[in-house]
Undergrad: 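Have a look at the structure that comes next, please.
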Amino acid sequence: MLEHRVPELPEVETARRLLETHLSGKQITGIDNRLPKLLRDSPVPTLDVLVGQRLESVRRQAKVLSLDFSSDLSMMMHLKLAGQVAIFLPDGTRHFAGHPVPKYDDPFPHKSTHIDFHFGGGTIFYLSDIRQFGWLRVMPTADTAAAFAAFNFGPEGTSDPELLRPLAAKMQTRSIPIKTLLLDQTFVAGLGNIYVDEALFKARVHPGRAASSLTKPERLRVIDAIPYALAEGLKQGGVKVINTRAVPLDGFPAVHGREGEPCVVCGTSIVKIRVGQRGTYFCPNCQPEQRK
DNA sequence: TGCGTTGTTTCACC
DNA sequence: CGGTGAAACAACGC
């Protein structure tokens with residue numbers, strides 16, 4: 001079983017920072033696109049128009065990135081579950097965000113590396129996607145606002161808990177499992193399967209409970225746990241790769257992917273169930289199905 | 001070989 | 001019409 005580091009918001013934000021730090025101000029000198037179908041529903045159906053352009057900024061909303069170039073063109077990008085951003089600098093250092101395949105010390109381009117973006121000065125941005133589920137769209141920068149708006153994203157999960165407070169009332173009106181609600185990007189933007197499990201563990205709420213069944217203290221704990229879990233992930237996503245190896249932080253994730261292992265809080269074995277068709281990990285003692 | 005995998009969209013149904 | 005749950009979809013490893 002492949003170890004997953006699926007691109008959720010912390011990984012996408014890490015990718016944004018890498019792209020902005022290492023590529024902004026640089027000009028694209030050439031693009032080798034070996035998988036043109038990644039441009040799905042793209043208003044401009046080719047990357048060729050970006051050659052010769054300079055990257056000005058990199059924006060993110062939820063898990064969607066926009067690379068904004070000179071001449072008012074933007075490339076929107078979604079890494080979905082297996083996208084990887086790799087930046088090779090002329091000094092030989094490599095910087096990564098997203099899925100762990102290709103591995104950090106593999107030769108590039110890897111067989112799952114689909115696009116090479118060559119930048120002035122010898123910097124290369126490799127976009128890999130072993131599952132080929134991600135997408136790119138090229139459009140005028142002026143059209144990105146409408147393109148972002150069309151996703152109808154809820155508030156950013158990284159927001160101050162105070163700004164997320166209105167979500168408490170909305171939870172009361174929904175009968176679906178709290179986990180399913182938190183995965184809905186129009187409810188709150190940025191949580192994926194891993195961080196939802198982590199947030200609900202932190203909040204001590206069973207993932208399968210109907211959102212409307214949560215008490216007020218539970219709703220507030222869930223809201224507080226959303227930015228907490230994302231910040232924990234960002235802390236790890238931002239960890240530098242040392243000697244071409246990613247170093248996981250101790251204790252994270254606390255429950256996701258740890259079936260049968262002891263809960264870090266109480267030692268009870270972590271249990272895996274399915275909630276809304278998703279593999280779901282939780283501690284049956286810390287997150288009881290019946291309110292305590 | 002069919003199942004599991006995730007983020008997102010679509011669809012049937014009440 | 002809207003909420004809900006399930007299926008579909010992308011590709012591939014096991």
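Residue numbering restarts at 1 for every chain, and letters A, B, ... go by the order of the sequence lines.
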Undergrad: Any side-chain N or O of A/His78 less than 4.0 Å from the OP1 or OP2 oxygen of B/dG7?
TA: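 A/His78 to B/dG7 OP1/OP2: no side-chain N or O under 4.0 Å.
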Undergrad: Do you know which two heavy atoms are closest between A/Leu230 and A/Thr158, and how far apart they sit?
TA: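 The pair with the smallest heavy-atom distance is CD1-N, 3.8 Å.
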Undergrad: Any carboxylate oxygen within less than 4.0 angstrom of a Lys/Arg side-chain nitrogen, looking at A/Arg16 and A/Glu13?
TA: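 Yes, charged N to carboxylate O under 4.0 Å.
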Undergrad: If I take atom CD1 in residue A/Ile194 and atom P in nucleotide B/dT5, what distance separates them, rounded to the nearest angstrom?
TA: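 After rounding, the gap between these two atoms is 12 Å.
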Undergrad: Quantified as the angle between the terminal helix axes (five pairs each), what is the overall bend of the helix from B/dG2-C/dC14 to B/dC14-C/dG2 to 10 degrees?
TA: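 The angle, to the nearest 10 degrees, is 60°.
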Undergrad: Test of understanding: with ring-ring contact (aromatic ring centres under 6.0 Å, His included), list the residues that count as partners of A/Phe117, not counting sequence neighbours.
TA: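 Expected list: A/Phe125.
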Undergrad: Which salt bridge (charged side-chain N to carboxylate O under 4.0 Å, His left out) pairs, counting each pair once, include a residue from residues 261-271 of chain A, with sequence neighbours left out?
TA: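 Checked against salt bridge (charged side-chain N to carboxylate O under 4.0 Å, His left out) - neighbours excluded - the pairs reaching residues 261-271 of chain A are A/Arg258-A/Glu261.
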Undergrad: Taking N and O atoms by type only, does the side chain of A/Arg278 place a donor or acceptor under 3.5 Å from a partner on the base of B/dT8?
TA: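 Yes, the side chain and the base share a sub-3.5 Å donor-acceptor pair.
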Undergrad: Is it the case that A/Lys202 places NZ or CZ above or below the six-membered ring of A/Tyr228, under 6.0 angstrom from the centre and within 45 degrees of the axis?
TA: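 Flagged: A/Lys202 positioned over aromatic ring of A/Tyr228.
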Undergrad: Nearest whole Å is fine: how far is B/dG4 C1' from A/Tyr281 OH?
TA: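 Spelled out: OH on A/Tyr281 to C1' on B/dG4 is 10 Å.
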Undergrad: Rounded to whole Å, how long is the line connecting atom CZ of A/Arg40 with atom P of C/dA10?
TA: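 Distance, rounded to whole Å: 8 Å.
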Undergrad: Respond yes when some side-chain nitrogen or oxygen of A/Lys63 is under 4.0 Å from OP1 or OP2 of B/dT8, and no when none is.
TA: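 Yes, within the criterion.
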Undergrad: By the definition side chain to side chain donor-acceptor pair (under 3.5 Å), identify the one residue from A/Arg137, A/Gln61, A/Arg59 that meets it with A/Thr144.
TA: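 Output: one option passes, namely A/Arg59.
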Undergrad: Looking at the side chain of A/Lys111, which of B/dT5, C/dG13, B/dG7 is the nearest nucleotide?
TA: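 Selected nucleotide: C/dG13.
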Undergrad: Take atom CG of A/Leu38 and atom C1' of C/dA10, then tell me their distance rounded to the nearest Å.
TA: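 Distance check: A/Leu38 CG to C/dA10 C1' gives 10 Å.
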Undergrad: Quick one: on DNA chain B, does A/Phe151 or A/Gly279 contact a more 5' nucleotide (nearest heavy atom)?
TA: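 Counting from the 5' end, the first nearest nucleotide belongs to A/Gly279.
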Undergrad: Taking N or O atoms only and anything under 3.5 Å, show me the protein contacts with nucleotides 1-6 of chain C, one pair per line.
TA:
unit_1, atom_1, unit_2, atom_2, d
C/dT4, OP1, A/Ser175, N, 2.7
C/dT4, OP1, A/Ser175, OG, 2.7
C/dT4, OP2, A/Arg174, NE, 2.4
C/dT4, OP2, A/Arg174, NH2, 2.8

Undergrad: If the cut-off is 4.0 Å, is A/Gln185 near the phosphate of B/dG7, judged by side-chain N/O to OP1 or OP2?
TA: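 Indeed not, no polar side-chain atom of A/Gln185 lies that close.
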Undergrad: Between C1' on B/dT8 and CG on A/Leu191, what's the gap in Å once rounded to a whole number?
TA: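 Distance check: A/Leu191 CG to B/dT8 C1' gives 15 Å.
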Undergrad: Grab the CZ-P distance between A/Phe133 and C/dA8 for me, whole Å please.
TA: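 Going from A/Phe133 (CZ) to C/dA8 (P), I get 15 Å.
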Undergrad: Using a strict threshold of under 4.0 Å (side-chain N to carboxylate O), is an ion pair present between A/Glu20 and A/Arg60?
TA: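 Answer for the salt bridge query: no.
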Undergrad: Taking atom P of B/dG7 as reference, at what distance in whole Å does atom CG of A/Leu181 sit?
TA: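 Rounded to whole Å, this separation is 16 Å.
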Undergrad: Which residues satisfy the side chain to side chain contact (heavy atoms under 4.5 Å, CB included) test with A/Ile176, sequence neighbours excluded?
TA: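 Applying side chain to side chain contact (heavy atoms under 4.5 Å, CB included) to A/Ile176 gives A/Arg174, A/Thr180, A/Leu181.
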Undergrad: Compare the minimum distances between each of B/dT6, B/dT9, C/dC12 and the side chain of A/His256, then state the nucleotide with the smallest one.
TA: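 Of the options given, the side chain of A/His256 lies nearest B/dT6.
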Undergrad: Over 60° means perpendicular and under 30° means parallel, so tell me whether A/Phe108 and A/Tyr126 are parallel, tilted or perpendicular.
TA: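 It falls in the tilted class, 30° to 60°.
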Undergrad: Send over the distance from A/Leu183 CG to B/dT6 P, rounded to a whole Å.
TA: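 For the pair A/Leu183 CG and B/dT6 P, the rounded distance is 10 Å.
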Undergrad: Can you identify which nucleotide, out of B/dT8, C/dG13, B/dT5, has its nearest atom closest to the A/Lys272 side chain?
TA: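 The answer is B/dT5, which lies nearest to the side chain.
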Undergrad: Quick one: which of B/dG7, B/dT9, C/dG13 gets closest to the side chain of A/Arg131?
TA: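 Looking only at side-chain atoms, A/Arg131 lies closest to C/dG13.
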Undergrad: Would you mind listing the cluster partners of A/Val275? Hydrophobic ones only (ILVMFWY), side-chain contacts under 4.5 Å, chaining allowed.
TA: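 Members other than A/Val275 - counting any ILVMFWY side chain reachable under 4.5 Å - are A/Val271, A/Ile273, A/Phe282.
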